[in-house]
Amino acid sequence: MDDLHMDALVIGGGIAGMQSALDLGDQGFQVALVERDPSIGGRMITLSKVFPTLDCCSCITTPKMSAVAHHPNIHLYTYCEIQSVQEHGAGFDVSILQKPRYVDISKCTGCRECEYECPITVPSPFDRNLGAYRAIRVPFSTAVPQKAVLDPEYCLWCGKCEQKCPVEAIDFSQQPETFTIEADSIIMATGFDLTPVSTKKEYGAGKLHNVIDPLMMERFLAPTGPYGRVLRPGDGKEPGSIAYVQCAGSRDETLGITYCSRVCCMYAIKQAMLLNGALPMADITIYYMDIRTFGKGYEQFYQNAKAMGVNFVRGKVASIREDADQNPILKVEMTDTGEIVEQTFDLVVLSQGIVPASHPTVSLPLGSDGFISVPAPDSAPCVTGRPGIFVTGTAAGPMDIVDSIVSASAAAAEASAYIRENGSRLEVEKEALYA
Amino acid sequence: MPENQQPRIGVYICHCGGNISGAVQCESVAKALKGLPNVTITRTDESMCSDAGQSLIEKDIQELGINRVVVGACAPMLHEQTFRGAVTRAGLNPFLYHHVGLREQDSWVHGHDKTAATDKALRLMSAGVAKARLLQPLDPIRLGAEKHALVIGGGVAGLRAALDIARQGLRVTLIEKSPFLGGRMAQLETVFPTEEEARALLHDLIQKVTAHPNVTIFMGAEVMGVSGYVGNFTIQVKQHSRGVSDDNAEALMSACTQEVPDPFNYGLTKRKVIYRPYEGCYSSTPAVDWDHYDGRPFDVNGWPIELKDEPKSFELNVGAVVVATGFDPYTPPQGEYGFGELPQVVTLPQLIRHLALSKDGKSLQWNGRAVRDVALIHCVGSRQVDGVHQPQEDGQVNNYCSRVCCTASLHMTADLHKRYPELNIYDLHQDIRTYGRGHEEYYRHALEDGVRFLRYNGEEVPEVSPAPQGDSHPVLVKVKDMLTYGEEIEIPVDLVVLAVGFMPRDLHGLDKMLKISRGNDRFLLEVHPKLRPVETAVKGVILAGSAQGPMNIQESLSAASAAAAKVASLLGRGKVELPPFVAAVDVEKCNGTGACVEACVYEGAIALQTFNENGEEVKRAVITPANCVGCGACVAVCPNNAVNVQGWTLAQYEAMVEAIGMDLPAMTEVTA
């Protein structure tokens, strides 16, 4: 591949990275958007509906994905990993690894014939492994780009896809390739992972059958979800009672995660409301320490959920075990009465928090919480400790979608000012930006 | 051109991820529409707005020669532009597209009756098809845009927005109503979570703004009128006199004897009517407080000097407006938690000023005595409950969370504990919402510092009353504490601090002038919290900071920078496009009655002009598209049907109405 020169390079194609890229592209800057997965969309595209408007999530995300794909100034690099970032003048040389898709994306039309032909079924991480797809597939129905990708870990190399492909796009000989992009600025939009609960033995260490994480519940509730309905993963039974355990992995010294993850109160309330619609007879209980519905319209959302009959109980869940029928049993210390009670539910959602996603190889100072450090949050909330590198969204700490989008535009403003003040593109070109 | 050929209509129905397909049998509707004249293809999709869905349309245009497109999906506000974009990419004029709002107009409101919802969907879609047959290609109105933005408000958000717009190479004018920059942030001492000096940060920002060659600042100035549209707003500004200059300021200040309560210190102190709010303020030149100056002359060395406000009025031409008008702290009504009745009840902003003014001393002094016990009450003016709290003027209570007060309160308790370790602090809260990065630490420190937390229910707020005669403390706070399982607790205290929330500001008509709206919470309203979180429904009018809702400094800065990014995208190229949905006159039919001109309420949108027609002088209506909003008032009054709104013509309406009323043959089958 060619060596390229961009005004900005955005790492991460989730909602924050897409918004930063769009804001820079709209101003006329040339932007490279680098995404680790085969499709952009990030976490947001896997969600069901978004709070507090209850818009369907794909209605908000897919048009942004499409806008990125069609933007004349945005250059999309999916299924790529950052290998190194080196200072070069006021800018950077970014070395990028293109992972092999085993599909020539210049030929692939996204017709999915390969997928229909493939005999191998593999768990789909898009569905939190609750559903399955093929070893070769378009990652999900609204993926951008609409290009197939082959998973070599599962592929039997039977060649059926190759025979079926009408445009001869299957290429088993693809090798990882490295290329370099020279960029005047970088925006880190690397996102988050859920707080791990595998070490939280009190909550079953991830081994209980009907205790799930909130992103699984998102897939259950999403119209594109694996079953199209809410079922217990343990036995496929429809749950009649569901409990949410708040602060599961946030504000928890035993896990070393002392901060508040900001989004869990709202997503639990949102899921409770959606469950109310999906399973009108189900009892839903949310066990919490503090309800933190601080954003615009959030407190009203919380009050609506209360009025709908969602049961909010102030109590600390001490432990979870399961009975012979795999029903989770919560042991709760009721803060308002001092009692310790045991309660059995059909399904339990651990409201896990946010930890930084595993970072690509960009050396940046981190805060004590593990997120990218922002040395001056009250004067430059998107500026990192390395000049020319900016940060947005959950890479800089827990944040909801609204705050991520605002932060993404702010990072774009910082980056564009930096490019104007320090960028190495010819003066003539800079003039032309606004011609 | 494909648009001039016989209409070949593509009809697409979106499931909207179950939002529409949950109530409407989309496939049946698509099938029924297939039989309509000119309909070449009908399709349904899980998510038409996705890239895959849009590609479907593009492919049909290119491969099937579709030249009119109808999509039934969400409200046009959300995705009409998305589909116009897709149509354009495929080489079609974007206005050969029609959007039907099946979600908001149908499935969301008729979800309980699927048969009726499907019937309605079919009728709405067939009306869309009827209109599509008559669609004509249109061109957007292209206008030059001023590469110059106005920022209203000189607080931290306005300053940041101005700086970031200037850094994008655009000109900025910042106007601030008060004679000094800095806003609410200047009234703070330190900021969380970094514990930096608020004013040091603020003045660093002010220095950058004032030094930037692209920025012009008017202090003591306000907006009196707004006209125009994105790219070309005309703003009437009135700027009050400063009243004094650096040459005479000191002499006049010492001669000035009239004093008023100082709003900078929330009335805790008094200041002269010629004043600087604080040492080191910007501008450093004092100003006259015209609202309070009694007009009497000052005696300077025996000379009577009378000061007069001689406001200057001028116009600004700007392409975009950033509204950064900020917030007011909630002022409790007389008697709420004893406020205004007991001298020992203060608000948190007042206490911040009080501490700033009393830097020295071993104990916290209030109202002439040492304070040993303090109660801090959260959610004052926030999270209010109907029937429990006194409503605002519009009859509503403040049911929102003010977001900032929890961390601000615990930031305060940390400061109090550091200065006065002997102080007993009681924190009365509903939930502790220290959500931000580095905020939870304040909560942890408060627990370590021995702050005593008590938790009340929103419906059972604490009571504050004077202590009985002879009590060791002047005030008694009663609270039903849920942390001790509902025990009624009485706390004798010396001081009660009310953590007051954010109030939306009275903008004295500015919101009306800009035609922007407020939400149910009375804060300024964004178009969509996720798609366009800092833009208003008026193109070119953008929000920054707490005018939009409660925000802390960090959040205000982000919002302001985001606003700057939007301004740069909008104005950077020096031109804007406006939609072509404006009135158009058919000169063949117009005979110059002038009824349209009388009906028009927009300045310069329509006028009669004299033409020479076959040697005869005739009057004909002429539209100035940039000033027309396409309201249709002229259409309604024209006796000759000579005026139409482009894209929404009378003929198109008639066709739609007819189609809505018509039973399609397939309808009974579909909805049976």
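Naming: A, B, ... by sequence-line order, numbering from 1 per chain.
Taking the side chain as every heavy atom from C-beta outward, B:D51 and A:T62 never approach each other to under 4.5 Å. Counting only heavy atoms from C-beta outward, the side chains of A:P377 and B:T194 approach each other to under 4.5 Å. A:M65 is not listed as a side-chain neighbour of B:S50, based on a closest heavy-atom distance of 4.5 Å or more. Residues A:Q303 and B:V385 have side chains not in contact (no heavy-atom distance under 4.5 Å, counting atoms from C-beta outward). Under the 4.5 Å side-chain criterion, counting only non-hydrogen atoms from C-beta, A:R314 is not in contact with B:M482.
When each of A:E299, A:M289, A:R251 is checked for heavy-atom pairs under 4.5 Å with chain B, A:E299 comes out on top. The candidate with the highest count of non-hydrogen atom pairs below 4.5 Å against chain B, out of A:M399, A:M334, A:K64, A:E339, is A:K64. Residue with the most contacts toward chain A among B:M185, B:Q430, B:R455, B:M48: B:R455 (heavy-atom pairs, distance under 4.5 Å).
Using a 3.5 Å distance cut-off with no hydrogens or angles, the side chains of B:T434 and A:R292 do pair a donor with an acceptor. With hydrogens and angles left out, the side-chain atoms of A:S416 and B:R167 include no donor and acceptor closer than 3.5 Å. Side-chain atoms of A:D55 and B:H528 form a donor-acceptor pair, as typed in the model, at a separation below 3.5 Å. With 3.5 Å as the limit, one finds no donor-acceptor pair spanning the side chains of A:D378 and B:Q554. Side-chain atoms of A:T224 and B:E46 include no donor-acceptor pair closer than 3.5 Å. In the model, B:S569 has no side-chain atom that pairs as donor or acceptor with a side-chain atom of A:D26 under 3.5 Å.
Between atom SG of residue A:C59 and atom CG of residue B:N19 there is a gap of 6.0 Å, rounded to the nearest 0.5 Å. Rounding to the nearest 0.5 Å gives a distance of 12.5 Å between CZ of A:F294 and CG of B:D431. Expressed to the nearest 0.5 Å, how far CZ of B:R532 lies from OG of A:S409 amounts to 12.0 Å. Between the CD1 atom in A:I60 and the SG atom in B:C74 there is a gap of 8.5 Å [rounded to 0.5 Å].
Within the 4.5 angstrom heavy-atom criterion, atoms from both the backbone and the side chain of A:P52 approach chain B. Heavy atoms closer than 4.5 Å to chain B are found nowhere in A:S368, neither backbone nor side chain. Interface residue A:V144: only side-chain heavy atoms are found under 4.5 Å from chain B. Contact annotation for A:F51: only backbone heavy atoms (N, CA, C, O) come within less than 4.5 Å of a heavy atom of chain B. For a residue to count as touching a neighbouring chain, one of its non-hydrogen atoms must lie under 4.5 Å from one of that chain's; by this rule A:S141 touches chain B with the backbone only.
Side-chain N or O atoms of A:R420 include none that pairs as donor or acceptor with a backbone N or O of B:G169 at under 3.5 Å. Checking side-chain atoms of B:R437 against main-chain N and O of A:F371 turns up a donor-acceptor pair under 3.5 Å. No donor-acceptor pair closer than 3.5 Å links the side chain of B:K530 to the backbone N or O of A:T61.
Atom NZ of A:K306 has more than 12 neighbouring heavy atoms from other residues, nucleotides or ligands inside a 6.0 Å radius. Counted within 6.0 Å of CG on B:N520, heavy atoms from surrounding residues, nucleotides or ligands total 12 or fewer; the atom is thus considered open.
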request  = Please assess B:H429 against A:D290 for the test side chain to side chain donor-acceptor pair (under 3.5 Å), listing each intermediate value before the final yes or no.
outcome  = CA-CA 10 Å; B:H429 65 276; A:D290 296 282; 4.5 Å; no
